[in-house]
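Read the structure below first, then the notes.
From a predicted model like this one, the values you see are computed outputs, not experimental measurements.
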Amino acid sequence: FAFMIRFKLGEVMEKKRFADGKRVSITDVASATGLSRVTLSKILNQKGYGTGTDTIDRLCQFFGCKVEDLMEHLLEEASESPGKD
């Protein structure tokens, strides 16, 4: 078994879209936070992507959420991670 952090950026973006009544794009988040679109795309799409606390802080400020709303700590079965014995 292995542990990993999973970002819930997509879910948080969807909640903001619902609350604000308009779509929230990666470009919108990048413009408001000063984070690069590449970083945001990696957080959204790259399993196991790691980032710094400044990035997490900026995202929490933008979305008005807590760290646990943005990410979760998951137990991952070893069979899902080929090559890791």
Practice item. Step by step, work out the side-chain contact (heavy atoms from CB on, under 4.5 Å) result for Met4 and Lys47. Key: CA-CA 9 Å; Met4 68 174 267; Lys47 185 177 178 179; 3.7 Å; yes

Original post:
Do Val12 and Val24 pass the side-chain contact (heavy atoms from CB on, under 4.5 Å) test, and can you show the C-alpha distance, the side-chain angles, and the key distance before you say yes or no?
Top reply: CA-CA 10 Å; Val12 174; Val24 179; over 6 Å; no

Distance from [X] atom [atom1] to [Y] atom [atom2], nearest 0.5 Å?
X: Leu44; Y: Leu9; atom1: CG; atom2: CG; answer: 4.0 Å
X: Leu70; Y: Glu11; atom1: CG; atom2: CD; answer: 9.5 Å
X: Phe7; Y: Leu40; atom1: CZ; atom2: CG; answer: 10.5 Å

Contacts of Asp69 meeting side-chain hydrogen bond (donor to acceptor under 3.5 Å, both in side chains) (sequence neighbours excluded), chain-then-number -> none

Q: Sequence neighbours left out, what passes side-chain hydrogen bond (donor to acceptor under 3.5 Å, both in side chains) with Thr55? Give chain and number order.
A: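 Thr55 satisfies side-chain hydrogen bond (donor to acceptor under 3.5 Å, both in side chains) with Thr51 only.
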
Practice problem: Spell out, as yes or no, whether a donor-acceptor pair under 3.5 Å connects the side chain of Thr39 to the backbone of Leu35. | Solution: no

Please output the side-chain donor-acceptor pairs of residues 60-68 that fall under 3.5 Å, not counting sequence neighbours, one pair per line with the distance.
from	atom 1	to	atom 2	distance (Å)
Gln61	NE2	Asp57	OD1	3.4
Gln61	NE2	Asp57	OD2	2.8

Residue pairs passing the salt bridge (Lys or Arg N to Asp or Glu O under 4.0 Å) test with at least one member in residues 18-45, sequence neighbours excluded, are Lys16-Asp20

Practice problem: Could I get the full list of side chain to side chain contact (heavy atoms under 4.5 Å, CB included) partners for Ser31, not counting sequence neighbours? | Solution: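 Thr27.
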
Suppose we screen for side chain to side chain contact (heavy atoms under 4.5 Å, CB included). Which residues come up paired with Glu72, at least two apart in sequence or across chains?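 Partners of Glu72 under the side chain to side chain contact (heavy atoms under 4.5 Å, CB included) test: Arg6, Lys8, Leu74.
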
Ala30 and Ser36 have their tightest heavy-atom pair at CB-C, 4.4 Å

